[in-house]
Amino acid sequence: MERQGSLDDLHFFQVVAASETLTAAARELDCSLPVVSKRLSALERRLDVRLVHRGTRRLVLTSEGEVYAARLETILDQVRELEDMVTHHSGDLRGSIVVQATLGLGRAHVAPLLGEFTALHPRLSIQLRTSALPLRPHRREFDMAVHVGAPPDSSLRMRRLARNRRVPCAAPSYLERKGAPERVEDLAGHDCIVLRENEGDFALWHFGDASNPRQVRVRGRLSSNDGDIVTDWALQGHGVIMRSEWQIRSHLKSGALVRVLPDVPTPPADIYALLSDDVHVPRRISNLVEHLAARLTERIG
């Protein structure tokens, strides 16, 4: 008789279900592709059901695989809740946390704060994943995400970590050469540098507030998915950018960048911690959220 399923099998398939390909799953599990393929086949034999469609470029779960992946999340969450309950009185935070963040914010502020947190809790391990790609909460790729702006999925539980908004600005050299826009509509005739981050219409810039929203489609010859590159181009005088205050505040204070259209408000783009709304939040994660909420405003303020 084949052995009964184990928590290790559940963790294994959780990684597989969250991966784009078996190769990506092997990389995440730190083993070879043949090992992952063999283990997946053994799991399917034990369950007597196919969990993954073979022969597709991307990893696609069968209907049975979808059910298995959804239910195992509930089981693993119950295990985490039980572990959290029995270790609560020890005072130690232990286990692992996967955090996802955007490239710029992750590098500049989230990474240092995660380093602080692990120094306070030596039995805890944290993996930070930075990406310019949109969040995919349904794939369970993270325990917590640090996100700028409105959450992309209303099913996520969120906690605001810091206030922020995006503002248009340019270098004095550009404004001397091209002149400053006087109306939102004037931006359509300027060289605008577009940040191609997350999904959506990158070249559509938003102004106003909830009661009076305004927008303008901008254009320009430079664009990137890296916010630091976009900011550097603006500092070099190549055009107007729309960037988060947390990233350009020092440049505005020094005069290296100048805000344009200062009397026109822009919508908030606050920084949030995002968690799945259908799971127990382990103490290690809730404590990390509190740490980020306490320290992030100090760093970007």
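Note that these values count all heavy atoms, side chains included, but never hydrogens, waters or copies made by symmetry.
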Stacked cation flag R39 on F12, 6.0 angstrom / 45 deg:
yes
Does the side chain of T266 reach to within under 4.5 Å of the side chain of L261, using non-hydrogen atoms?
no
Heavy-atom side-chain proximity of L156 to H147 below 4.5 angstrom
no
Taking the side chain as every heavy atom from C-beta outward, state whether S131 and T102 have any atom pair closer than 4.5 Å.
no
Can you check whether N164 reaches Y272 side chain to side chain, under 4.5 Å on heavy atoms?
no
If you take the centroid of each ring, where Trp contributes its six-membered ring, are F117 and H291 closer together than 6.0 Å?
yes
Residue pair D226 / S224, side-chain donor-acceptor N/O under 3.5 Å:
no
Between Y174 and H190, what is the ring plane arrangement, given parallel below 30°, perpendicular above 60°, and tilted in between?
tilted
Mind checking who shares a hydrophobic cluster with L257, ILVMFWY linked at side-chain heavy-atom distances under 4.5 Å?
V167, I193, L195, L222, I229, V230, W233, L235, I241, I248, L252
N212 and F207, any side-chain heavy atoms less than 4.5 Å apart
no
For atom CZ of R165, is the number of surrounding heavy atoms from other residues, nucleotides or ligands below 6.0 Å larger than 12?
yes
Quick one: does V148's side chain get under 4.5 Å of D270's, heavy atoms only?
no
